[in-house]
Amino acid sequence: MNYWLMKTEPDVFSWDDLVKKKKAPWDGVRNYQARNFMRDQFRLGDQVLFYHSSCAEPGIVGVAEVVREAYPDPTALDPKSDYYDPSSAKAGESRWVMVDVAPVRKFRNLADLSAIRNTKGLQAMPLLQKGQRLSIQPVTAREFKLITETWA
DNA sequence: GCCAACGTTGGC
DNA sequence: GCCAACGTTGGC
């Protein structure tokens with residue numbers, strides 16, 4: 001069982017959107033490191049901290065779960081998609097993958113970024129490191145437990 | 001809107 | 001392979 005943190009802009013795709021859809025493909029990842037995590041390490045049942053970024057209250061909203069392992073992200077081949085990738089299209093094959101996730105539970109309180117930063121035991125999280133922009137990050141079992149115990 | 005940090009691109 | 005230019009991320 002692995003633990004992850006996945007960032008999303010709530011204006012684009014929020015926790016409530018996921019709840020409404022019950023299950024959704026995590027498309028649009030266009031970073032190799034993030035892709036490789038999904039492709040090589042994401043397993044069914046892995047637990048995901050669902051993080052809202054670039055918004056008024058950045059933080060972890062709840063826990064989601066991987067319900068389908070990596071498969072090709074077709075938006076890379078769709079010229080009308082915001083996530084269109086010309087070089088994938090040129091190759092005739094998407095070089096990007098996605099997984100499907102489903103909601104598990106929403107936290108009672110938002111685990112906001114400043115609170116996470118001030119919690120002993122979470123300070124090593126990549127999320128908090130200066131200049132860290134990676135949209136999919138590994139989380140340790142210890143960090144996951146601490147976060148869910150504190151905010152769930 | 002600002003801007004630091006980072007990843008990618010492309011000419012050489 | 002280098003590296004400057006450019007685009008993006010994301011907190012503030």
Side-chain angles (χ1 to χ4, degrees), chain A residues 2-21 24-42 46-66 69-101 103-140 142-144 146-148 150-152:
Chain A
N2 302 310
Y3 302 97
W4 307 98
L5 179 143
M6 295 171 96
K7 297 181 190 172
T8 176
E9 298 181 26
D11 290 348
V12 179
F13 187 77
S14 69
W15 172 265
D16 289 343
D17 293 329
L18 180 62
V19 169
K20 223 170 292 170
K21 297 182 74 171
W26 202 270
D27 59 10
V29 170
R30 296 293 178 268
N31 170 281
Y32 288 106
Q33 206 180 338
R35 179 201 67 179
N36 294 348
F37 280 137
M38 287 197 290
R39 188 189 60 190
D40 304 333
Q41 297 188 44
F42 270 54
D46 281 3
Q47 301 292 108
V48 174
L49 299 173
F50 195 102
Y51 181 88
H52 279 174
S53 69
S54 292
C55 58
E57 290 184 304
I60 302 164
V61 186
V63 175
E65 174 173 43
V66 176
E69 294 182 3
Y71 60 109
D73 178 352
T75 62
L77 303 177
D78 176 4
K80 291 191 291 291
S81 169
D82 289 342
Y83 306 127
Y84 179 60
D85 172 32
S87 52
S88 284
K90 197 172 167 193
E93 183 179 29
S94 179
R95 67 176 58 175
W96 304 106
V97 301
M98 57 193 187
V99 297
D100 287 356
V101 299
V104 175
R105 66 179 180 281
K106 188 177 183 176
F107 287 170
R108 281 180 290 113
N109 305 110
L110 176 79
D112 67 274
L113 187 59
S114 61
I116 295 169
R117 186 169 276 127
N118 291 326
T119 301
K120 206 172 169 219
L122 300 180
Q123 270 120 11
M125 291 183 75
L127 180 70
L128 304 180
Q129 309 316 309
K130 189 173 178 184
Q132 180 55 263
R133 304 183 312 178
L134 193 58
S135 65
I136 296 179
Q137 307 179 356
V139 173
T140 68
R142 189 183 297 268
E143 289 160 350
F144 185 86
L146 182 52
I147 288 168
T148 50
T150 307
W151 285 283

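In what follows, chains carry the letters A, B, and so on, assigned in the order in which the sequence lines appear, proteins first and then strands, with residues in each chain numbered from 1.
Counting only residues at least two apart or on different chains, the salt bridge (charged side-chain N to carboxylate O under 4.0 Å, His left out) pairs with a member in residues 70-81 of chain A are A/R30-A/D73.
Between A/M98 and A/Y71 there is a side-chain heavy-atom pair separated by less than 4.5 Å. In this structure, A/V48 and A/V139 have side chains that are not in contact, with every pair of non-hydrogen atoms separated by 4.5 Å or more.
A tilted orientation is assigned to the rings of A/F37 and A/W4, their planes being inclined by 30° to 60°.
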**Prompt:** Reading nucleotides 5-12 of chain C 5' to 3', which nucleotides get B (base under 4.0 Å from a protein heavy atom), which S (sugar-phosphate only), which -?
**Reply:** --BBBBSS

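In summary, the aromatic rings of A/W15 and A/F107 are positioned with their centroids too far apart to meet the 6.0 Å limit.
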